[in-house]
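Structure, as C-alpha cells:
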Amino acid sequence: MEIKETNEPKESLNFIEEIIEEDIRNGKHGGRVHTRFPPEPNGYLHVGHTKAIYINFELAKKYGGLTNLRFDDTNPVTEETEYVDAIKRDIRWLGYDWGDREYYASDYFGKLYEFAVELVKKGLAYVDDSTKEEIEQMKGSPTQPGELSPYASRSVEENLDLLERMRKGEFEEGVRVLRARVDMESPNMHMRDPILYRIKYAHHHRTGDAWCIYPMYDFAHGQSDSIEEITHSLCSLEFRHHRPLYDWFIEKLEIFPSRQIEFARMNVAYMITSKRRLLLLVREGLVSGWDDPRMPTLSGMRRRGYPPAALRTFIDKAGVAKRDNVIEYELLESCVRDELNRTASRVMAVLQPIKVLITNYPEGQVEMMEVENNPEDASKGMRKMPFSRELYIERDDFMENPQGKYFRLAPGQDVRLKAAYIIRCEEVIKDAAGEVSELRCTYYPNSRSGSDTSGLKVKGTIHWVSAPQALEVEVRLYDRLFTDPTPDAYEDRDFKEFVNPEALTVIPKAYVEPALIDVKPQDHFQFLRVGYFSVDDDSLPGKLVFNRTVTLKDAWAKEQQKGV
RNA sequence: AGACCCAUGGUGUAAUGGCAGCACUCCGGAUUUUGGUUCCGUCAGUCAAGGUUCGAGUCCUUGUGGGUCUACCA
C-alpha cells in the first residue's frame with residue numbers, strides 16, 4: 001500500500017506507526033498489515049482492553065489491512081464460552097468487526113503439537129519428569145543462573161515416545177512437561193528452558209476431551225500469530241521479556257516471522273483493571289455485576305451510557321507510547337461530554353422537586369411550549385412540552401436568602417422558565433419541619449418565549465416540568481467507583497477501602513417531561529442543566545430508569561466551593 | 001541484587017540534531033433563554049551532571065527515579 005503524500009502539516013505518528021510505515025517502505029510482507037486482538041476468554045473486557053482493541057483495529061484500518069479476533073484459549077481450567085460471547089458482544093459494541101476471521105488458539109492444537117514434535121526431533125525440546133518444585137528450583141533467579149535438568153539429555157527417540165504417551169493420557173497430571181532446550185543461564189528467565197506443554201485432564205470449551213496436554217502461552221501465542229500470518233503482533237509492555245522466545249520459535253521452526261511490538265497499557269485514574277479485583281467486587285456484591293455502571297468494564301461503561309465513539313476518541317487522545325501512564329478521569333469525561341453534547345437530545349427533568357404554583361395562571365389551562373431538541377444541531381427539530389399552573393422546579397434553583405452571584409429564583413426575584421414564561425416568586429410555603437414545600441409565584445403573560453414583549457431582563461433561566469403531565473421515573477446518579485486515583489497502588493492498604501460509598505445515589509422518584517414516554521434502553525439525553533443520562537436496561541414500560549452518565553460542567557458549584 | 005524497558009507543564013502526548021507544540025485540567029474574560037456549548041486569554045515542562053556538536057529534549061557516559069521479569073496463568 002502506498003502512503004498518501006499530502007501537503008498538510010506532518011501528521012505525528014506514534015512509535016508503532018513509525019515501525020509499520022518503515023516496514024511498508026521496505027516492502028516487508030509486500031506492504032501488508034495484519035493485526036489481531038487476542039483476548040483470553042476468562043473474564044470481561046475492561047478499559048485496558050479497549051486500548052488494545054482500538055490500536056489493533058484502527059492501525060489495520062489505517063494501513064488497509066485486516067484484524068483477526070483470536071481467543072487465546074489454552075487454559076481449559078479458567079476459560080468459558082460465556083466469556084467468549086460477552087467479549088464478542090463488547091467488541092462489536094465498541095464499533096469493530098472482524099468479519100469471518102474469528103479464530104481460537106485451540107483451532108491450532110494439532111498444528112502446535114506438530115511444532116512440538118519438530119522441536120523434539122531437532123533436539124530442541126525434551127520431556128522433563130522433574131516436579132514443579134524441582135523445576136522452579138533449577139530455574140535459578142535473575143541473579144543466579146539456572147541449572148540444566150537431568151532429563152535434558154534424553155534421546156530424541158525417548159522424548160518422542162514420552163511426548164506421544166503424554167498426549168495419549170498415559171501419565172498423571174503434573175508428572176511430566178515438555179520443555180524447550182534454550183539457555184538455562186540466560187539473564188532472561190523466560191529463556192531458561194520454558195515449559196511448552198503440561199498435562200491437564202480438563203474439559204476444554206471447544207475441543208472437549210480431545211486433548212489432555214495443553215500448550216503454554218509462549219508456545220501458543222506466537223505460533224498462532226505466525227499461522228495467521230499476523231504481520232504486527234501488538235501487546236503490552238510486560239511481554240517484552242517474552243519476545244526473544246517468540247523470535248526463537250520463529251527461527252527454529254522456520255515459520256512466518258510475525259513481529260511483536262510492545263506498548264504501555266493504559267491506566268485510568270479512579271479505575272482498576274485487575275481481573276482478579278474486578279471479580280472480587282462482583283463476588284462480594286460491592287457492585288451489582290460485571291455490567292454495573294460503576295464498573296470499568298466495557299459492558300459497565302455501555303450501561304453507564306458512555307457512547308462507543310467517545311471511548312474511541314478517549315483512547316485516541318490518550319495516545320500510544322512506552323512509558324507508564326495514568327490517564328486523568330477528566331479526559332474520559334471530556335470525551336463523553338463532547339460526544340453527547342453533539343448527539344444527545346435535550347429534555348427537562350427535575351430530580352429534587354419543589355412545587356411551584358403560578359397563582360395568576362388560569363386553572364385547568366395547558367399551553368404547549370416549543371423547545372429545541374438540540375441547540376447544537378438544528379436538524380434535530382423542536383418538540384412541544386406542556387405548561388400549566390402547577391410545576392416542579394429543582395430545589396437547588398431556589399434560595400430563600402440568596403447571596404453572592406446567585407441568579408436563580410428567590411423571594412421577590414424574577415427568573416425565566418426555559419422556553420416558557422418569566423415568573424416571580426411571591427411567597428414561600430414551608431412545612432411543619434420548616435422545609436420549603438411550595439412556592440407561590442406569578443407569571444408575566446407577555447414574557448412567553450419567542451414572543452416576549454415584556455422588556456424584562458432576567459439573570460437566570462431554569463428548567464421545569466408541568467406537574468400534572470410529568471412522568472415519574474427512577475434516576476440513578478453514578479460517580480467514580482473509587483475515592484483514590486490509584487486504589488490498587490498501595491502495598492499496605494486494600495483497594496476495597498477506597499470504594500466510593502457515593503458512587504451510586506438512587507432517586508426513586510424524579511419527574512421528567514411527558515415526551516420521554518417512549519424511550520428505549522441505551523437512549524441518551526441531556527437533562528437540561530443537570531447532566532447526561534441514558535435509559536437503563538432495567539427500565540420497564542411505565543417504570544423508566546435513567547442512569548447519570550456524566551454531569552454537566554458546573555461553574556456555579558465551583559464558584560460556591562470557593563466561598564466555603 | 002542482575003537483565004531489560006522508560007523519563008518533556010498538574011495529566012497525557014508531539015517535536016526523528018535546528019523556534020519545545022497539541023489536548024485535558026486549572027485560572028481569567030466574552031457570548032449565552034442550559035452557571036452547558038462556543039470563543040479568547042493566562043499560568044506551567046525537557047530528571048541530574050558531564051561529554052560530542054556551530055547547535056542537544058533528541059546522540060554518548062555516569063548517576064537518579066520509575067516500571068517489568070524469577071506461574072505446569074495469559
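Letters A, B, ... are given to chains in the order of the sequence lines, protein chains preceding strands, and every chain is numbered from 1.
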Using atom [atom1] of each nucleotide, how far apart are [N] and [M] to the nearest Å?
N	M	atom1	result
B:rG29	B:rU42	P	15 Å
B:rA14	B:rG9	C1'	14 Å
B:rG65	B:rU53	P	31 Å
B:rU46	B:rC59	C1'	15 Å
B:rA48	B:rU64	C1'	7 Å
B:rG10	B:rC43	P	14 Å
B:rU13	B:rC73	C1'	33 Å
B:rA15	B:rA23	C1'	15 Å

Charged N-O contact under 4.0 Å between [X] and [Y]:
X	Y	answer
A:R176	A:D129	yes
A:K380	A:E372	no
A:D452	A:R416	yes
A:D183	A:R192	no
A:E136	A:K139	no
A:K384	A:E367	no
A:E333	A:R337	yes
A:E102	A:R70	no

Cationic tip of A:R165 within the cone over A:F171's six-membered ring, i.e. under 6.0 Å and within 45° of the normal?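 The answer is no; the distance or angle limit is not met.
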Query raised in the report: Does A:R424 count as lying over the ring of A:Y443, i.e. NZ or CZ under 6.0 Å from the six-ring centre, within 45 degrees of the axis?
Result: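 Relative to the ring axis of A:Y443, which defines the angle, A:R424 lies outside at least one limit.
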message: On the nucleotide B:rU8, are OP1 or OP2 found under 4.0 Å from the side-chain N or O atoms that A:R323 carries?
response: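 Affirmative; the distance criterion is met.
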* To do: Kindly say if A:R198 contacts the phosphate of B:rC73, meaning a side-chain N or O under 4.0 Å from OP1 or OP2.
  =>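 The answer is yes; a side-chain N or O of A:R198 sits under 4.0 Å from OP1 or OP2.
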When we call it a touch if two heavy atoms are under 4.0 Å apart, what does [X] touch: a base, just sugar-phosphate, or nothing?
X	value
A:F407	base
A:V530	nothing
A:R346	base
A:S130	base
A:K200	sugar-phosphate
A:R408	base

In this structure, how many angstroms lie between the [atom2] atom of [N] and the [atom1] atom of [X], rounded?
X	N	atom1	atom2	value
A:E333	B:rU37	CD	P	12 Å
A:M138	B:rC72	CE	P	11 Å
A:N374	B:rU32	CG	P	20 Å
A:R529	B:rU32	CZ	C1'	13 Å
A:E370	B:rU33	CD	P	18 Å
A:R265	B:rU13	CZ	C1'	19 Å
A:Q137	B:rA71	CD	P	12 Å
A:Y126	B:rC72	OH	P	13 Å

According to the Watson-Crick and G-U wobble definitions, with both distances under 3.5 Å, which nucleotide is paired to [N]?
N	result
B:rC73	none
B:rC24	B:rG10
B:rU31	none
B:rC4	B:rG67
B:rC19	none

- Item | Earlier contact from the 5' end, RNA chain B, for A:A420 and A:T74 |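 Here A:A420 is the residue nearer the 5' end.
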- Query: Want to settle it: does A:E372 or A:K275 sit nearer the 5' end of RNA chain B, counting the closest nucleotide to each?
  - Reply: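 On the 5' side of the pair lies A:E372.
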field: A:Y246 ring center near A:F239 ring center (under 6.0 Å)
entry: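 No, ring centres 6.0 Å or more apart.
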So which nucleotide from [options] ends up closest to the side chain of [X]?
X	options	answer
A:E79	B:rA74, B:rU13, B:rG35	B:rA74
A:D338	B:rU38, B:rG67, B:rG35	B:rU38
A:E376	B:rG36, B:rU34, B:rC72	B:rG36

What are the atom names and distances for every N/O pair under 3.5 Å that joins the protein to nucleotides 24-28 of chain B?
unit_1	atom_1	unit_2	atom_2	d
B:rC24	O2	A:E328	OE1	3.4
B:rC26	OP1	A:K558	NZ	2.5
B:rG28	OP1	A:K562	NZ	3.3

Could you run down the sub-3.5 Å N/O contacts of the protein with nucleotides 68-70 of chain B?
unit_1	atom_1	unit_2	atom_2	d
B:rU68	O2	A:H241	NE2	2.7
B:rC69	O2'	A:H190	NE2	3.4

**Message:** Under a plain distance cut-off of 3.5 Å, with no hydrogens placed, do A:S233 and A:R36 share a side-chain donor-acceptor pair?
**Reply:**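 The criterion, which ignores hydrogens and geometry beyond distance, is satisfied for A:S233 and A:R36.
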